[in-house]
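Each ligand, and each atom within it, is numbered from 1 in the order the structure gives.
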Amino acid sequence: MANIHTPIPNLKLNDGNSIPMLAYGTGTAWYKSGDESKIDQACIDSTKLAMKLGYYHLDGAEVYKTETELGTGIKESGVARDKLFVTTKVISNISDIPGALKTSLKKLQMDYVDLYLIHAPFFSESKEEHQEKWRQMEEMKAQGLAKSIGVSNYLPEHLDYIFETCKTPPAINQIEFHPYLQHEGLLKYHKEKGIATEAYGPLSPITKGAGGPVDGILNALAKKYAVNPGEICLRWCIDQDVVAITTSSKEQRLSDYLRAMTFKLTPKEIQQINEAGSQKHLRGFWTHKYDDGDRR
Ligand SMILES: NC(=O)c1ccc[n+]([C@@H]2O[C@H](COP(=O)([O-])OP(=O)(O)OC[C@H]3O[C@@H](n4cnc5c(N)ncnc54)[C@H](O)[C@@H]3O)[C@@H](O)[C@H]2O)c1
Ligand SMILES: OCCc1c[nH]c2ccccc12
């Protein structure tokens, strides 16, 4: 199926690289709880379909156990490597970042990733350890194995540790972000430091948070722009310069999401969503790790 939609825009990162503002994720909907060596053909097929539809930004992670499927999908798609933006993340093997990246690259069947992220800051409470891990991430970039480097699920205190000693600042912080988790303080911090924000869980208001206070405004805007409420959620990210990562195993949904490229929300509409969203708090991921009074 050809992609008939407006192309996905890029965001310029602080290291000069560009990132497509809508991504297809191989985590939720796809991650394996069991044996990694059991290949999931449906994941390979869906990854290929995503690229056919026009998703060139693909999000993976070692813990999803789907890097082989992602790499196979890419190889079989025939899409040139330099047309794609591929992310993977490290957490289980954070004790050996060079080894972890080498293993990920082997599974992905490629010799570099576009973005390599530390998946979460919860591996240590020691400032020195955070600084040492970031130094190793810088080394991966210096060796050309990762074009850009960043973090995920970091709070300002973790970023502060990095900024004390880094030579290369994180290009991105990938966080859960949606109208019920707006992270005003963290986003302000990102802006001040030149870090791009990447949103996972952008559809939470229509999935885990369905029936909440943004339903009315999402439905009204969906009607106005002739799209689904989900596309309003994706656009709400993009119009705030936030890269959105979504996914689905359903072709219709993957195709529908791309309609988020066909319109823009006005600043007033974004404000209306923000006001309604701030009436509810929802965190769907890593809930065991965050102090949930913490809405930063
Ligand atoms: N860095 C991290 O810690 C982290 C955490 C979570 C996810 N991620 C990444 O982000 C990607 C996307 O995450 P997500 O799944 O939270 O994204 P999302 O919020 O966009 O939700 C996508 C899910 O919503 C479902 N959906 C879409 N429309 C729906 C509808 N109308 N009704 C009911 N369900 C609907 C889809 O089928 C899919 O399963 C993951 O695959 C992964 O790559 C990263
Ligand atoms: O990044 C998505 C959240 C996540 C963290 N650790 C995992 C392990 C398996 C599947 C998802 C996750």
Given [options], identify the one with the heavy atom nearest to [atom].
| atom | options | answer |
| --- | --- | --- |
| atom 41 (O) of ligand 1 | Ala210, Ala244, Gly27 | Gly27 |
| atom 20 (O) of ligand 1 | Ile175, Asn173, Thr246 | Thr246 |
| atom 24 (O) of ligand 1 | Thr207, Ile206, Asp59, Val63 | Thr207 |

Which parts of the protein, at residue level, reach under 4.0 Å of ligand 2 through a heavy atom?
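These residues qualify: Tyr31, Val63, Tyr64, His119, Trp286.
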Is there a side-chain contact between His130 and Trp134 in this structure, where contact means two heavy atoms from C-beta onward sitting under 4.5 Å apart?
no
Would [X] count as a contact of ligand 1 if the rule is a heavy atom under 4.0 Å away?
| X | value |
| --- | --- |
| Lys250 | no |
| Tyr24 | no |
| Tyr257 | yes |

Tell me whether Lys32 contacts the main-chain N or O of Lys65 through its side chain, where contact means a donor paired with an acceptor under 3.5 Å.
yes
Using modelled atom types only, decide if a donor and an acceptor are shared between the side chain of Gln182 and the backbone of Asn274 within a distance under 3.5 Å.
yes
Checking contacts here: is it the side chain or the backbone of [X] that comes within 4.0 Å of ligand 1, counting heavy atoms only? Could be both or neither.
| X | value |
| --- | --- |
| His178 | neither |
| Trp30 | neither |
| Asn153 | side chain |
| Ser152 | side chain |

Relative to the heavy atoms of [X], which atoms of ligand 1 are at a distance of less than 4.0 Å?
| X | result |
| --- | --- |
| Pro202 | 17 (O), 18 (P), 19 (O), 20 (O) |
| Gly201 | 13 (O), 14 (P), 16 (O), 17 (O), 19 (O) |
| His119 | 1 (N), 2 (C), 3 (O) |
| Tyr200 | 1 (N), 2 (C), 3 (O), 4 (C), 5 (C), 6 (C), 7 (C), 8 (N), 9 (C), 10 (O), 44 (C) |
| Gly25 | 41 (O), 43 (O) |
| Gln174 | 1 (N), 2 (C), 4 (C), 44 (C) |
| Thr26 | 41 (O), 43 (O) |
| Thr247 | 15 (O), 22 (C), 23 (C), 36 (C), 38 (C), 41 (O) |

To the nearest 0.1 Å, how far is atom 13 (O) of ligand 1 from its closest protein heavy atom, and which atom is that?
Thr28 OG1, 3.1 Å
Around atom 3 (O) of ligand 1, find the nearest protein heavy atom and jot down its residue, atom name and distance.
Trp286 NE1, 2.8 Å
May I ask you to decide whether Lys89 forms a salt bridge with Asp59, counting only side-chain N to carboxylate O separations under 4.0 Å?
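Yes, this pair counts.
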Validate the cation-pi geometry between Lys208 and Phe285: distance from NZ or CZ to the six-membered ring centre under 6.0 Å, angle to the ring axis within 45°.
yes
Report the C-alpha distance between Asn10 and Tyr56 in whole Å, list the side-chain angles of each, state the deciding distance to 0.1 Å, and finish with yes or no for side-chain hydrogen bond (donor to acceptor under 3.5 Å, both in side chains).
CA-CA 11 Å; Asn10 285 321; Tyr56 289 144; over 6 Å; no
Salt bridge (charged side-chain N to carboxylate O under 4.0 Å, His left out), that's the test. Do Arg259 and Glu231 meet it? Break it down for me.
CA-CA 7 Å; Arg259 300 189 302 187; Glu231 284 95 80; 3.0 Å; yes
Please walk me through it: do Asp114 and Arg81 pass salt bridge (charged side-chain N to carboxylate O under 4.0 Å, His left out)?
CA-CA 10 Å; Asp114 295 276; Arg81 176 67 187 89; 2.9 Å; yes
Ring pair (Phe, Tyr, Trp, His ring centres under 6.0 Å) for Phe122 and His288? Distances and angles first, verdict last.
CA-CA 11 Å; Phe122 310 117; His288 56 302; 7.6 Å; no
